[in-house]
2 protein chains.
Amino acid sequence: MPNKDSIIELCDTPVIHVEIVNKVRKDMPEEETLYDLAELFKVFGDTTRIKILYALSASEMCVCDMAALLSMTQSAVSHQLRVLKQARLVKFRRDGKVVYYSLDDEHIQQIFNQGLDHINE
Amino acid sequence: MPNKDSIIELCDTPVIHVEIVNKVRKDMPEEETLYDLAELFKVFGDTTRIKILYALSASEMCVCDMAALLSMTQSAVSHQLRVLKQARLVKFRRDGKVVYYSLDDEHIQQIFNQGLDHINE
DNA sequence: TATACATATGAATAATTGTTCATATGTTCA
DNA sequence: TGAACATATGAACAATTATTCATATGTATA
């Protein structure tokens, strides 16, 4: 039988299975790790960025080309590339006036494929 | 040399590399697929839902226990479980008044791990 | 050096979304 | 059947975010 007295400290909701809660809590990664993980997936959670990532998985591209491909403003694409850059999902090289972007990481493709597996299941 | 005349139809941004854009466009998955993919990752892109998923990867749990574990309102947890349910990431079984949730899919763990790989790289 | 061009960025706006509060639904048991 | 409890849900609010517009930065070349 769960010990109803020990739960007041946890939160105002009564806990039914104290041992399970404690066990799971013990094995939970650090708060910061889970936060970072959510932040990473948040970056994948936008159609525009997904399209950019998909495009870059096919070929290195410049900002201008991506804007044309996606029928979007150069500015909008650039703003999203900034987000992708901060998440270290894309890297870039400059050649004169043109900046070429490409995927920074081989995990990205795998995360993509796993996601597609789930959708097509 | 890119054909500057053919690009007006694409968008108002000049395209630098027409062949690349066309090649990438041809290989792009359907709009709907990429939309669904973004929607899936959007579900992963929230700290609360990540925590719930992580908890469920350790053990089946009821709503009440999750609320206690995460120090959150039962209502907040329930709302997020709804999102996870709609994304087919969790399933549930009812045992009397108590509803137990668990992961619906083995992909989830893999997506998680891939994400962690990226973070810890 | 001045102009043209590719890209980046700040501010503003519109849309989306997570949480809270109040309450409804569904189940058990006296 | 009615009270108690676990969960679900609708509406409202606050916070976050994607896009647009205007403009700045950086590079090449005439």
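We name chains A, B, ... by the order of the sequence lines, and we start the count at 1 in each one. The figures that follow rest on heavy atoms only: side chains count, while hydrogens, waters and symmetry mates do not.
- With rounding to the nearest 0.5 angstrom, the CZ atom of B/R49 is 10.0 Å from the NZ atom of B/K42.
- Listed by first and then second residue, the ring pair (Phe, Tyr, Trp, His ring centres under 6.0 Å) pairs involving residues 80-100 of chain B are A/H17-B/Y100, B/F92-B/Y101 (not counting sequence neighbours).
- Under a cut-off of 6.0 angstrom, the local environment of CD in A/E106 is crowded, with over 12 non-hydrogen atoms contributed by other residues, nucleotides or ligands.
- Interatomic distance, B/I111 CD1 to A/I111 CD1, rounded to the nearest 0.5 Å: 8.5 Å.
- Here C/dC21 presents its C1' atom at 14 Å from CE of B/M72, a figure rounded to the nearest Å.
- Between the P atom of C/dT20 and the CG atom of B/L70 lies a distance of 12 Å, rounded to the nearest Å.
- No side-chain heavy atom of B/L69 sits under 4.5 Å from any side-chain heavy atom of A/N22.
- Here the C1' atom of nucleotide D/dA18 and the OH atom of B/Y35 are 14 Å apart, to the nearest Å.
- Pairs of residues two or more places apart, or lying in two chains, that qualify as ring pair (Phe, Tyr, Trp, His ring centres under 6.0 Å) and include a residue from residues 102-121 of chain A are A/Y54-A/F112.
- The number of heavy-atom neighbours closer than 6.0 Å to CD of B/E121, taken from other residues, nucleotides and ligands shown, is above 12.
- The minimum heavy-atom distance between B/A67 and B/V77, with the atom names listed, is CA-CG2, 3.8 Å.
- Note on the helix from C/dT1-D/dA30 to C/dA30-D/dT1: terminal axis deviation equals 20°, with five pairs used at each end and the result rounded to 10°.
- When the salt bridge (Lys or Arg N to Asp or Glu O under 4.0 Å) test is applied to A/R82, no partner is found at least two apart in sequence or on another chain.
- Looking only at side-chain heavy atoms (C-beta outward), B/C62 and A/I16 come within less than 4.5 Å of each other.
- For the pair B/K42 NZ and C/dA15 P, the computed distance is 15 Å after rounding to whole Å.
- Within residues 45-60 of chain B, no residue places a heavy atom under 4.0 Å from DNA chain D.
- The CD-P distance, from B/Q86 to C/dT17, rounds to 11 Å in whole Å.
- B/D65 places no side-chain N or O within 3.5 Å of a backbone atom of B/M61 that could act as its donor or acceptor partner.
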Show the distances under 3.5 angstrom between N or O atoms of the protein and N or O atoms of nucleotides 7-13 of chain D.
residue, atom, partner, partner atom, Å
D/dT7, OP1, B/V63, N, 3.3
D/dT7, OP1, B/V99, N, 3.3
D/dT7, OP1, B/V99, O, 3.4
D/dT7, OP2, B/C64, N, 2.8
D/dA8, OP1, B/Y101, OH, 2.5
D/dA8, OP2, B/S78, OG, 2.9
D/dA8, N7, B/Q74, NE2, 2.9
D/dA8, N6, B/Q74, OE1, 3.4
D/dT9, OP2, B/R82, NE, 3.4
D/dT9, O4, B/S75, OG, 2.6
D/dG10, O6, B/H79, NE2, 2.8

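- In this structure, A/D95 and A/V83 both approach DNA chain D, and ranking their closest nucleotides by distance from the 5' end singles out A/V83.
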